[in-house]
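When reading the values below, keep in mind they use all heavy atoms of this one structure, side chains included, and skip hydrogens, waters and symmetry mates.
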Amino acid sequence: MSEQLACLTTDLEPGSAMLAELTVASGSDIPIAIVRTDDGDFYAIDDLCTHGEVSLSEGDVQGCFVECWAHGSRFDVRTGEPDELPAITPVKTYPVRVDGERVLVDVDAPKSPVKETV
């Protein structure tokens, strides 16, 4: 699998996020949060908060962070790293390319693997 259409640039205002269901090479669909930062840049991360398995695409976008609405954990959409408790495990991030109005994501080439937290 390679890049897939996640959304159009016009689907997201700066400072917002949306859910995209994308297909991995094995054929299964996974939920991805497509985030457009306040600066207008696009990022793709796993949609589920690593603390409470809540949809991050429903959270607030502040700068380069998306906040989980359930418990307040924040994740840097550029790296997947959490910067607010209770989450301590990062989410995966995925390469994004904007081609005209198309936002393309490659879910088979994660940019950042989930690190084990001890």
Side-chain angles (χ1 to χ4, degrees):
M1 222 11 80
S2 58
E3 294 175 326
Q4 299 172 61
L5 178 64
C7 65
L8 299 176
T9 57
T10 54
D11 292 337
L12 277 174
E13 294 293 324
S16 63
M18 68 177 286
L19 174 65
E21 293 283 340
L22 301 179
T23 306
V24 293
S26 65
S28 59
D29 289 344
I30 60 171
I32 301 292
I34 307 300
V35 180
R36 189 170 190 183
T37 63
D38 294 333
D39 293 336
D41 295 327
F42 287 88
Y43 294 89
I45 61 173
D46 276 345
D47 186 53
L48 293 180
C49 175
T50 56
H51 168 256
E53 295 192 18
V54 173
S55 176
L56 292 174
S57 60
E58 296 175 10
D60 290 330
V61 176
Q62 303 159 352
C64 291
F65 293 88
V66 63
E67 183 176 331
C68 176
W69 59 267
H71 300 110
S73 291
R74 289 183 353 146
F75 296 88
D76 187 325
V77 298
R78 300 165 298 181
T79 65
E81 294 288 331
D83 83 332
E84 285 288 331
L85 295 173
I88 57 173
T89 304
V91 292
K92 287 183 184 176
T93 63
Y94 300 92
V96 175
R97 184 171 66 89
V98 177
D99 179 23
E101 289 190 6
R102 301 178 329 141
V103 178
L104 305 170
V105 177
D106 188 347
V107 292
D108 293 315
K111 291 189 339 186
S112 65
V114 170
K115 299 175 189 170
E116 290 300 316
T117 305
V118 180

Minimum heavy-atom distance Ala25-Asp108, with the two atoms named: N-OD1, 3.0 Å

With sequence neighbours excluded, residues passing salt bridge (charged side-chain N to carboxylate O under 4.0 Å, His left out) with Asp99: Arg102

Closest non-hydrogen atom pair, Leu48 against Ser55: CD2-N, 4.2 Å

Asp76 (side chain) donor-acceptor with Arg78 (main chain) under 3.5 angstrom: yes

Distance in Å, Thr93 OG1 paired with Ile32 CD1, rounded so as to fall on 0.5 Å steps: 10.0 Å

ring-ring contact (aromatic ring centres under 6.0 Å, His included): pairs with one or both residues in residues 51-72, sequence neighbours excluded: His51-His71

Phe42 CZ to Thr9 OG1 distance, which is reported to the nearest 0.5 Å: 5.5 Å

Least distance between heavy atoms, Gly63 atom then Thr37 atom: O-CB, 3.4 Å

Exercise: identify the closest heavy-atom pair between Ser73 and Cys49: CB-SG, 4.4 Å

Side-chain atoms of residues 11-18: list all donor-acceptor pairs with protein atoms under 3.5 Å, sequence neighbours left out, distances to 0.1 Å.
| residue | atom | partner | partner atom | Å |
| --- | --- | --- | --- | --- |
| Asp11 | OD2 | Leu8 | N | 2.8 |
| Ser16 | OG | Glu13 | N | 3.2 |
| Ser16 | OG | Glu13 | O | 2.5 |

Pairing residues for Asp29 by the side chain to side chain contact (heavy atoms under 4.5 Å, CB included) criterion, not counting sequence neighbours: Glu21, Thr23

Check against side chain to side chain donor-acceptor pair (under 3.5 Å), Tyr94 and Asp46: CA-CA 8 Å; Tyr94 300 92; Asp46 276 345; 2.6 Å; yes

Closest non-hydrogen atom pair between Leu56 and Val66, with its separation: O-CG2, 3.3 Å

hydrophobic_cluster_shared for Val107 and Val98, side chain cutoff 4.5 Å: yes

Residues which pass salt bridge (charged side-chain N to carboxylate O under 4.0 Å, His left out) with Arg36, listed by chain and number, not counting sequence neighbours: none

Distance (rounded to the nearest 0.5 Å) between Asp47 CG and Glu58 CD: 7.5 Å

Cluster overlap Ile30 with Val96, hydrophobic side-chain contacts below 4.5 Å: yes

Which atom of Cys68 lies closest to which atom of Val54, heavy atoms considered: SG-CB, 3.8 Å

Separation of Leu22 CG from Ile34 CD1 (nearest 0.5 Å): 6.0 Å

Polar side-chain atom of Thr50 near backbone of Thr89 as donor-acceptor pair, under 3.5 Å: yes

Test side chain to side chain contact (heavy atoms under 4.5 Å, CB included) applied to Asp60 - qualifying residues, sequence neighbours left out: Gln62

Pairing of Arg74 and Asp83 as salt bridge, 4.0 angstrom limit: yes

